[in-house]
Amino acid sequence: MADEDYSVVMAPSEDLFGGGSRTRHVILKRRSASLSQSTFSCPVFEKIAPNRDYSYEGLFAMVGTDYWKFIDGIALGVRSGGKELKLAPAGVKASPWSSEYRYEADGRIIEVQYYLYPTNYGAAGRMDVKIEGRDGGNWTIVFEPYFDIRFMYGNSEPENLEARISDDMLAVKAGGPAVCLSAAGARFEKKGRQVSWKYKLGSGYRCRKGDRLQFVPEKRTIASLYDIEVDGAAATLRFSCGPDLDTARKLQGLPAETDDVSEADQIRQALFPDYDPRKRDILFRALGMVQFGTVVDNVVFQEAGDFWFRSVWFRDEFEGLIHNYQTLRKLHGTDGMKQVLRKSFELQDQHGRIPNRLVPGEGGKADYNSADATLLGFILAGIVIRDTNDGDFAQDAAAAFKKYLHGVQCCEMAANGPPRIRPNGLLSVPAWHSWTDGKRTVDGLALPIRVSEAWERELINMNAAAELELQKFFLPEVNAQWMRALEAGWLFSKYVRNFSMADTCKILYNRALEAYKRIFLNRDTGFINNLVTTDDFALGPRVDPMPGSPGVVAAAMLGLEVFSIRELEAIAAYTKARLVRSKWGLPFGVVVKESGRGTYVGDEEYHEEVVWPRDTPYLIRLLQIAGDTSTVDGLLRSNLKHQMEEGFVFYNNELFSCDHDLVPVKNPVQWWSQWVDPYFERG
């Protein structure tokens, strides 16, 4: 199969409907780096460059456990006979590993190809420029790189950049981290100018301006230090970066040949033995999915996303592995998942919790403020063991589960404390220790979006807002995960012949099974309650019936083992009537909660009435149980349409605001939005 079969051709234009986040962008993702930019090119003084709409676009690479920016963009100029030519965008072609921009000037076509090498550390790539038709003309190709060397959350400090030229190479550093650029036969012309670049999509937030919404732009000062000039009708600029100058220099020497196409061929053959071009966009989804991966202590984790989420979040990791399990198994087997889980078990705290995430900028420090990451880890481990019958891995999982079981049985009431097993067999947790962990400001306090704002005001009036940090909430999706984790724990115990743990798992499961519907199934609506408080809650035992995706997730996870088919059909019907939102006339996803706050502006609406694709595999599973194949087909079609026609081609957005036909907002490249298995399950 030829290279172009893995490429898509796009117009070099902007789509400003809804604020600009629909404009198509290209990101080249590798294990330790990414290069991203818009398909739309704009003038930069006398040159031209692909636009950067987010302040996190450009060339980024891992420096230790942290993500650093190095190059914001590289402007291109062409001179003919000493005259600067005006380049006009003509088209863009992109694959998951390379992109080609075409420009027109003076009756010629200038082709510019960007390529990022697969490296295990730092970043290395090249920018190839070719002027079509080499007859006649006295050509000079000019590169003008703009630098912004900083930790991803750091300030831009162009005055702190140091540049020097040696051995026909431009080296720029900011303290330790450095970037090198070289081109055969190059001349370096000192520039020394700074530009205040406006990124109109900023970090994905929006604001109200009068009666309309717009993205909050961000400005950064980027620095041009030298022009790099090469005479002739073709030139290659090589760029590389790393934690220090020596590393950046070494990465300049990578060979030109790579095997991306043959790897893509292998993926296609593994997933589609009888390939049908109509499955092309599903193949692209899988090719995008396999580009995720970052190394932590020699273990490859799938980062939560790119941009500001190029770090390990364990719940995101496990959700993505679960919803890509069959695809990944066909491609790579299960060893990578076992390594991820073993490393996660190593990181358990004294209560047996797997971390919530590894905090960027803090040397890989773990925080543990989640209940679901641990449970999802055990669920994934159960899937792996049932599939592989790996007794050695089962022993590791059993030891980890034993530690967790002891932790949740013996823990005390504490702010942001671990889950606690209650007499009914269910887990109680702090209100924000699920994936719906957003906060809103209420009377100057940052309080969980998950909890009714009216309740929070009551607690504030009682001077009892600290209740929201205590383990006094039953969450339906967490307890669905708990029940599935208990099944996994029982499986682990069989491998190590720990009959006491097996009995404990059975007892707790049966208690939870008896209590689950009584507590969570709302008899008035037929749907699942948002949350229920414990008896020792400061406001007394309360039920919040707010419908939303947590109920969909819980129903899909527990299925016919807990609910009757009529109950599941009723939940599915309620979901379709009240919670599903459409895009392009097709069902697209389910809102987190039916709160009436469907317009995403900032993180106060992060888990309100907005759509997250991470919920869609659960919605699909629920609809499949209910026999609704037509809605499933619509969901699969619309999500592929988003992937290929707006935002970052081949990838999928974090969430969507329920206005302007579902506007992509926040992070445009998200791991747990890149689910593939449902497409193969549908056939």
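For the pair Trp672/Trp612, a side-chain contact is recorded, criterion being any heavy-atom separation below 4.5 Å from C-beta on. Looking at Gln643 and Arg285, their side chains come closer than 4.5 Å, going by heavy atoms from C-beta outward. Side chains of Tyr199 and Asp72 form a contact here, defined as non-hydrogen atoms less than 4.5 Å apart. Side-chain contact between Glu104 and Leu87 is absent, with no heavy-atom pair separated by less than 4.5 Å. Two residues are said to be in side-chain contact when any heavy atoms from C-beta on lie closer than 4.5 Å; Leu76 and Tyr101 fail this criterion. Looking at heavy atoms from C-beta onward, Met644 lies in side-chain contact with Phe650 at the 4.5 angstrom threshold. Residues Ser41 and Pro12 fail the side-chain proximity criterion, which asks for heavy atoms closer than 4.5 Å. In this structure the side chain of Ile109 never reaches within 4.5 angstrom of the side chain of Tyr103, judged on heavy atoms.
The salt bridge (Lys or Arg N to Asp or Glu O under 4.0 Å) contacts involving residues 54-66 comprise nothing, where partners must be two or more places apart or lie in separate chains.
Residues Asp168 and Phe188 come closest through the heavy atom pair O-CZ, 3.7 Å. Heavy atoms only, all atoms of each residue included: Ser7 and Lys93 are closest at CB-CG, 3.6 Å. Nearest approach of Lys219 to Ser196, heavy atoms of both residues: CD-OG, 3.8 Å. The shortest non-hydrogen separation linking Val663 to Arg22 is CG2-NH2, 3.7 Å. Across Asp316 and Ala304, no two heavy atoms sit closer than the pair OD2-CB, 3.8 Å.
Between Asp661 and Lys583 there is no salt bridge, since no side-chain nitrogen of the basic residue lies less than 4.0 Å from a carboxylate oxygen of the acidic one. Taking 4.0 Å as the cut-off between side-chain N and carboxylate O, Glu111 and Arg102 count as a salt-bridged pair. Here Lys130 does not pair with Glu100 in a salt bridge; the nearest charged N to carboxylate O distance is not below 4.0 Å. The residues Glu229 and Arg79 are annotated as salt-bridged, a charged nitrogen and a carboxylate oxygen being separated by less than 4.0 angstrom. Look at Arg278 and Asp276 and you find a salt bridge, because one of the NZ, NE, NH1 or NH2 atoms lies within 4.0 Å of a carboxylate O, short of that distance. No salt bridge links Asp244 with Lys250; every basic N to acidic carboxylate O contact stays at or beyond 4.0 Å. Using a cut-off of 4.0 Å between Lys/Arg side-chain N and Asp/Glu carboxylate O, Glu317 and Lys343 are scored as not salt-bridged. Using a cutoff of 4.0 Å between basic side-chain nitrogens and carboxylate oxygens, Arg24 and Glu645 are not scored as salt-bridged.
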Using atom types as modelled, flag every donor-acceptor pair under 3.5 Å from a side chain in residues 230-238 to any protein atom, sequence neighbours excluded.
residue, atom, partner, partner atom, Å
Asp231, OD1, Thr140, OG1, 2.8
Asp231, OD1, Arg187, NH1, 3.4
Asp231, OD1, Arg187, NH2, 3.3
Asp231, OD2, Arg187, NH1, 2.8
Thr236, OG1, Asp128, OD1, 2.7
Arg238, NE, Gln252, O, 3.2
Arg238, NH2, Gln252, O, 3.2
Arg238, NH2, Leu254, O, 2.5

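A donor-acceptor contact shorter than 3.5 Å is absent between the side chain of Asp106 and the backbone of Arg108. At least one donor-acceptor pair under 3.5 Å links the side chain of Trp675 to the backbone N or O of Pro613. A distance-only check finds a donor-acceptor pair linking the side chain of Ser95 to the backbone of Ser98 [under 3.5 Å]. For Ser38 (side chain) and His25 (main-chain N/O), no donor-acceptor pair under 3.5 Å exists by modelled atom type. At distances below 3.5 Å, not a single donor-acceptor pair connects side-chain atoms of Arg329 with backbone N or O atoms of Leu331. At least one donor-acceptor pair under 3.5 Å links the side chain of Glu303 to the backbone N or O of Gly293. A donor-acceptor contact shorter than 3.5 Å links the side chain of Ser21 to the backbone of Pro664. A donor-acceptor contact shorter than 3.5 Å is absent between the side chain of Tyr679 and the backbone of Leu283. At distances below 3.5 Å, at least one donor-acceptor pair connects side-chain atoms of Glu218 with backbone N or O atoms of Ser203. In this structure, Lys69 contributes its side chain and Ser55 its backbone to a donor-acceptor pair below 3.5 Å.
In this structure, the ring of Phe680 has its center less than 6.0 angstrom from the ring center of Phe272. Aromatic ring centroids of Tyr117 and Tyr115 lie under 6.0 Å apart.
Below 30°, between 30° and 60°, or above 60°: for Phe656 and Phe588 the angle between ring planes is above 60°, a perpendicular geometry. The aromatic rings of Tyr54 and Trp308 lie tilted to each other, with the angle between the two planes from 30° to 60°. Phe151 and Trp68 have tilted rings, their planes meeting at an angle from 30° to 60° on a 0 to 90° scale.
Residues forming a side-chain hydrogen bond (donor to acceptor under 3.5 Å, both in side chains) with Lys86 (at least two apart in sequence, or on another chain): none. Residues satisfying the side-chain hydrogen bond (donor to acceptor under 3.5 Å, both in side chains) criterion with Tyr205, sequence neighbours excluded, are Asp603, Lys666. When the side-chain hydrogen bond (donor to acceptor under 3.5 Å, both in side chains) test is applied to Tyr146, the partners found at least two apart in sequence or on another chain are Glu144. The side-chain hydrogen bond (donor to acceptor under 3.5 Å, both in side chains) check on Ser32 picks up Thr119, with sequence neighbours excluded.
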_With side-chain contact (heavy atoms from CB on, under 4.5 Å) as the criterion, how do Leu59 and Cys241 come out once you've worked through the C-alpha distance, each side chain's angles and the decisive distance to 0.1 Å?_
CA-CA 9 Å; Leu59 177 66; Cys241 60; 4.0 Å; yes
_Trace of the side-chain contact (heavy atoms from CB on, under 4.5 Å) decision for Leu245 with Arg164_ = CA-CA 11 Å; Leu245 187 55; Arg164 68 179 182 183; 3.2 Å; yes
*Before giving the answer on side-chain hydrogen bond (donor to acceptor under 3.5 Å, both in side chains), spell out for Thr23 and Asp15 the whole-Å C-alpha distance, their side-chain angles and the decisive distance to 0.1 Å.*
CA-CA 5 Å; Thr23 298; Asp15 181 349; 5.9 Å; no
*Residues Ser240, Arg126; criterion side-chain hydrogen bond (donor to acceptor under 3.5 Å, both in side chains); working and verdict*: CA-CA 9 Å; Ser240 57; Arg126 66 178 191 261; over 6 Å; no
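The number of heavy atoms from other shown groups lying within 6.0 Å of NE2 (His660) does not exceed 12.
Gln326 and Asp677 share no side-chain donor-acceptor pair at under 3.5 Å. One side chain, Ser657 or Arg206, offers a donor N or O that lies under 3.5 Å from an acceptor on the other. A donor atom on one side chain and an acceptor atom on the other are not found under 3.5 Å apart for Tyr56 and Asp306. Side-chain contact annotation: Arg310 with Ser34, donor-acceptor N/O pair under 3.5 Å present. Between the side chains of Ser673 and Glu654, no donor-acceptor pair of N or O atoms lies under 3.5 Å. Counted by atom type alone, His642 and Asn653 present zero donor-acceptor pairs between their side chains at under 3.5 Å.
Among the candidates Trp671, Phe292, Phe284, the single residue satisfying the side-chain contact (heavy atoms from CB on, under 4.5 Å) test with Tyr651 is Phe292.
Geometric assessment of Lys641 against the ring of Trp584 yields a positive cation-pi assignment under the 6.0 Å and 45° thresholds.
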